[in-house]
Structure formats: structure tokens, C-alpha cells
Amino acid sequence: MLNKLQLNNVGPSPSMSLDLSSRLNLITGDNGLGKSFLLDVAWWALTRKWPHELNPDLTSGYVARPTDVKKPATISFNVESKTRAVEYTSQFSPKDGGWIGKAGRPWNPGLVIYALGDGGFAVWDPARNYWTKKGNIDVQERLPAFVFSQSDVWNGRRESINGRETQISNGLIADWASWIKENGADARRMANVIRALTPEASDDHIAPCREFGKLSADDVREIPMLRMGYGQDVPILFASLGVRRIVALAYMLSWAWREHTRASEYIGDQPSTRIVMIFDELEAHLHPRWQRLIVPALLTVTAALTDDNKATIQLLAATHSPLVMASVEPLFDPKQDSWFDLDFIDRSVVIEKRPFVRRGDVASWLRSEAFDLGEARSLDSEIAITKAKALARQDSPSSAEIDEVEEALKASLGETDRFWARWTQFRETIGASKGK
């Protein structure tokens with residue numbers, strides 16, 4: 001597990017620190033303030049490799065660089081390894097173009113899975129991504145991590161390991177088709193994870209089919225299909241972006257756990273009891289009904305993923321969704337969960353660990369520090385209401401001013417908007433004070 005990050009002269013702020021919680025860590029903030037960057041740093045701290053270093057087909061996950069290359073830049077972190085907590089600091093070397101520090105494999109934080117914002121995935125497996133020693137020399141005999149572009153997730157990836165081309169993954173289409181044919185533990189796991197991540201209302205629930213589809217008469221592939229809530233069987237490649245995102249997540253979770261347990265058995269070790277999940281833009285492509293399910297589902301997905309349900313999850317996730325924030329209200333526990341908010345204050349980016357308050361509805365979350373909206377309405381409505389409130393604070397507004405604001409309200413607010421009651425009361429009060 002990752003306990004702490006401390007950044008100096010790297011990223012959008014001169015200095016940034018996060019004391020992470022053991023279960024859930026949510027990060028909010030406007031575009032461009034560094035949410036994805038912090039997740040990349042978290043992945044690097046746990047694995048010691050930047051995603052783009054290992055797969056240049058990614059459009060994200062680049063090596064972090066100093067804000068001012070003439071000054072020292074450091075990344076410090078605290079990782080809870082398999083046996084103990086470890087503190088470490090790495091410094092950027094401008095000449096080497098990278099972060100230097102102690103050689104050797106990362107400390108074992110458990111299985112690490114990173115869902116990147118561009119649709120790619122990265123996996124660090126303590127049973128497969130490791131170094132061995134020959135004498136006093138660390139020798140890397142395996143890949144430092146498995147990093148898949150969005151295309152790799154679906155179609156598979158080959159890598160060169162010690163000069164030998166190796167099929168790392170067959171991809172979602174081929175693997176899932178094979179699992180369905182075998183009708184064994186892999187197919188059940190995949191189906192269970194999909195079920196855990198999707199709403200179970202009759203009009204939304206999706207389920208894998210036993211039959212396969214084709215994209216064209218010339219396509220020889222067997223394409224897995226989903227039975228949709230409306231009764232049709234749809235080839236997964238024809239499904240919506242939201243459904244494909246969930247299925248890709250289900251596949252990467254299933255694949256990572258499957259290969260981890262197989263590798264652990266092969267080397268005579270026990271599977272990890274910890275999974276660290278890093279998730280950029282949890283809500284991307286998801287309907288609101290799915291958005292409010294995703295975090296609770298991810299925190300309990302081990303029940304669908306593992307046979308004994310002994311593995312625990314630490315989740316680090318960035319979100320722009322008020323529904324995601326509202327969805328964790330029933331389960332948020334300050335002893336094991338945290339909310340971090342990035343803000344732009346006095347031309348500087350700051351991060352604050354905010355107290356989590358149950359706000360009751362999405363509108364309240366939109367007006368909270370997480371999203372900083374003045375009103376949970378359109379921008380025109382917010383401007384009109386702001387003018388109306390300012391007018392109400394005046395001692396004696398003119399009839400022309402009142403009429404102007406009312407026209408702006410009529411042009412932007414719905415007829416049943418609750419603000420009309422306040423406006424009507426204001427007009428009646430003004431009328432009474434003027435003897436009308």
C-alpha cells in the first residue's frame with residue numbers, strides 16, 4: 001500500500017504532500033491542476049517505472065520532470081511493503097533525464113492495477129515483475145511491469161524479454177472467447193466482475209452470452225457478445241463506450257488476478273492479499289446510474305475476483321463527478337478513507353485534505369469545494385441568480401433594475417425552479433415597502 005507522497009519542484013505546485021488512507025482516496029479539482037499527474041506519480045512510487053517508458057503507444061503516463069530544472073527536484077514516498085513500511089526519496093537527474101535512486105526491484109506493495117485516462121491499463125505483479133541477483137548484481141530477467149495501450153487491452157500485446165518475443169496477453173477478445181468456451185473458473189470470474197460493476201436494474205443489467213458474434217463475413221474472429229437489458233445480444237465491439245469501458249476494466253482485473261495466482265503457484269508463493277487500484281476519471285463514459293455504483297463496486301470487487309475474498313483494496317481515484325462523491329457518503333470512514341481537493345489560489349496550485357461531509361444530494365456537491373460552482377444550474381442561470389441576490393441586498397432597487405433581473409431569470413430558469421419562490425417573496429416585500 002502507498003502511505004505517503006511528497007513532491008518538491010515537480011508538478012504544478014512547488015511542494016505537494018499527500019498522507020494517503022488505507023482504503024479509499026478520492027482526488028477532485030479542476031482540469032489542469034494535476035490529478036492525473038498525481039496518479040502517475042503514485043504508480044511510479046509503487047513500481048519505479050513511468051507507464052509511457054514501458055509503452056510509448058500510450059498518450060499519457062509520461063516521465064515527470066522538474067518545474068525548474070536548475071533546482072533540485074525530489075519525489076519521496078512511504079510504501080507499506082509485504083514486511084514493513086519503507087521510506088524513500090528519489091532525485092531527478094537532468095543529464096540522465098530520469099529519476100535516480102537505489103537500484104533493484106520495488107518493494108512489494110501487492111498487486112497494482114492502474115486504469116489510465118486514455119483507456120490504457122498498467123499492471124505490476126509481485127509474482128512476475130521482479131529482479132533476481134547474480135552475486136551482488138541485480139539482474140532484470142522479467143518485464144518491470146505490464147503496460148497496455150487501449151488497443152493492446154482488446155487485441156493483445158507482445159514484448160521482447162531477454163531478446164525473445166513473448167505474448168504477454170492475448171487481449172480481451174481472444175481471452176474472453178477462450179474462457180467462455182472452456183466454461184470454467186475464468187469465465188465465471190469475468191462474469192462475476194462484470195455483474196459487480198454494472199447496475200442490476202432490469203433495463204441496465206448486462207450479462208455475457210454463450211454464443212459468439214462476427215463483425216463481417218470475412219472476419220474469422222469469434223467476438224464475445226453481451227445480452228443487453230433490452231433483450232438483444234450485441235458483439236462487445238458494438239457496445240457503447242461506457243459498456244466497453246466497464247468490460248475492459250473487468251477483463252484487466254480478471255486477467256491480472258488470473259495471471260498473478262498462476263505465477264504465484266508456479267514460483268511456490270502465496271497470492272498477494274493486497275490490491276492497489278489507481279483509477280483516472282472513474283466516471284468516463286458512464287451513465288449517472290453507473291457513476292454512483294463504480295466506487296462501492298470497486299471497493300468490494302474482491303468478492304467477485306478472488307475465491308476466498310481475503311484480498312484488501314486500496315483505491316486512489318480522480319473524479320469530476322458529483323455523483324461519485326455522493327455515492328460514497330454511506331460508506332466513507334475517516335479512519336480508512338480520504339478526500340483530497342486541488343485548488344488554484346493566488347496563482348498557485350494547492351492540495352488540501354478536506355473533511356468529508358455528507359451533503360445529501362448532487363446539487364450540494366456541485367456547490368462544494370470539490371467543484372466550486374456557485375449554483376447547480378446553467379451558467380446563465382447562475383449569473384441571473386447572482387444578480388438577483390445582489391439586488392435583494394440593496395436598500396431600494398429601482399423598478400427598472402428589478403424588471404431587468406426578472407427578464408434574465410425568465411430567460412434562464414425553468415418555470416418550476418425553486419428560486420422563483422424567493423424571487424416572488426422579494427418582489428412582494430419591495431412592493432409592500434413602496435406602498436404598492
Side-chain angles (χ1 to χ4, degrees), residues 1-27 34-55 58 60-67 72-93 96-117 120-126 129-131 138 140 143-147 256 272 274-280 312-318 338 340 342 351 353:
M1 303 293 182
L2 184 60
N3 297 325
K4 185 172 182 176
L5 282 175
Q6 174 69 51
L7 287 65
N8 293 296
N9 189 32
V10 57
S13 178
S15 179
M16 192 175 291
S17 180
L18 288 85
D19 289 309
L20 297 161
S21 291
S22 61
R23 185 179 67 159
L24 173 62
N25 298 273
L26 290 171
I27 304 174
K35 297 187 301 300
S36 298
F37 166 76
L38 286 173
L39 297 183
D40 287 343
V41 174
W43 163 265
W44 175 86
L46 292 164
T47 70
R48 305 299 301 285
K49 292 291 182 180
W50 302 94
H52 196 269
E53 281 186 299
L54 302 179
N55 189 340
L58 295 179
S60 61
Y62 290 86
V63 178
R65 292 185 57 83
T67 306
T74 60
I75 298 176
S76 303
F77 55 89
N78 181 298
V79 174
E80 190 73 34
S81 73
K82 190 174 182 179
T83 57
R84 61 191 176 96
V86 180
E87 296 270 0
Y88 189 76
T89 297
S90 182
Q91 184 165 337
F92 187 83
S93 170
D96 298 318
W99 297 85
I100 58 174
K102 180 182 176 182
R105 65 166 291 170
W107 294 279
N108 181 357
L111 186 64
V112 185
I113 303 172
Y114 184 8
L116 291 94
F121 281 85
V123 176
W124 189 85
D125 185 340
N129 304 123
Y130 58 81
W131 285 256
D138 287 309
Q140 183 178 318
L143 293 175
F146 304 108
V147 182
S272 176
R274 294 182 293 194
I275 301 173
V276 181
M277 287 196 62
I278 305 171
F279 212 122
D280 198 2
T312 59
I313 285 182
Q314 183 189 35
L315 177 61
L316 286 69
S338 291
F340 300 93
L342 286 158
I351 188 165
K353 185 175 182 178

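Computed from heavy atoms alone, side chains included, the values below leave out hydrogens, waters and symmetry copies.
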Take Asp280 and Tyr114 through the side-chain hydrogen bond (donor to acceptor under 3.5 Å, both in side chains) test and state the conclusion after the steps.
-> CA-CA 8 Å; Asp280 198 2; Tyr114 184 8; 4.8 Å; no
Under the side-chain contact (heavy atoms from CB on, under 4.5 Å) rule, what do Trp124 and Val276 come out as? Steps first, then yes or no, please.
-> CA-CA 10 Å; Trp124 189 85; Val276 181; over 6 Å; no
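Separating the CG atom in Leu116 from the CG atom in Asp40 is a distance of 6.5 Å, to the nearest 0.5 Å. To the nearest 0.5 angstrom, Leu18 atom CG is 8.5 Å from Leu316 atom CG. We find the CD1-CG distance between Ile351 and Leu5 to be 9.5 Å, quoted to the nearest 0.5 Å. One distance of note links OG of Ser81 with CE of Met1; it measures 12.0 Å at 0.5 Å rounding. In this structure, Ile113 CD1 and Leu315 CG are separated by 11.0 Å, a value rounded to the nearest 0.5 Å. Atom CG of residue Leu46 and atom CG of residue Leu111 lie 11.0 Å apart, to the nearest 0.5 angstrom.
Environment of NZ in Lys4: sparse, with no more than 12 heavy atoms of neighbouring residues, nucleotides or ligands closer than 6.0 Å.
Contact of the Phe340 side chain with the Leu20 side chain is registered, since non-hydrogen atoms from C-beta on lie closer than 4.5 Å. Looking at heavy atoms from C-beta onward, Pro144 lies out of side-chain contact with Arg48 at the 4.5 angstrom threshold.
For the pair Arg274 and Asn108, the tightest heavy-atom approach, listed with the atom from each and the gap, is NH2-O, 3.7 Å. Taking all atoms of both residues into account, the shortest heavy-atom contact from Lys49 to Trp43 is O-NE1, 2.8 Å. When all heavy atoms of Ala256 and Val123 are compared, the pair lying nearest together is CB-CG1, 4.0 Å. Gly34 and Leu342 get closest at one heavy-atom pair: C-CD1, 3.9 Å. Pairing each heavy atom of Phe279 with each of Leu39, the nearest pair is O-CD1, 3.5 Å. Across Ser21 and Lys353, no two heavy atoms sit closer than the pair OG-NZ, 4.2 Å.
A donor-acceptor pair under 3.5 Å links the side-chain atoms of Trp99 to the main chain of Ala64, judged by distance alone. At least one donor-acceptor pair under 3.5 Å links the side chain of Ser90 to the backbone N or O of Ile100. Panel note: side chain Gln314, backbone Leu2; a donor-acceptor pair is recorded below 3.5 Å. Using modelled atom types, no side-chain atom of Ser13 and backbone atom of Met16 make a donor-acceptor pair closer than 3.5 Å. Side-chain atoms of Asn9 do not come within 3.5 Å of backbone N or O of Pro66 as any donor-acceptor pair. Within the 3.5 Å criterion, the main-chain N or O of Leu143 finds a donor-acceptor partner in the side chain of Asn129.
Classification of the Trp44-Phe77 ring pair by plane angle, with boundaries at 30° and 60°, yields perpendicular. Under the 30°/60° scheme for interplanar angles, the aromatic rings of Tyr62 and His52 are found to lie parallel.
Between the side chains of Ser15 and Asn8, a donor-acceptor pair is found at a separation under 3.5 Å. Using modelled atom types and a 3.5 Å distance limit, the side chains of Gln6 and Ser17 yield a donor-acceptor pair.
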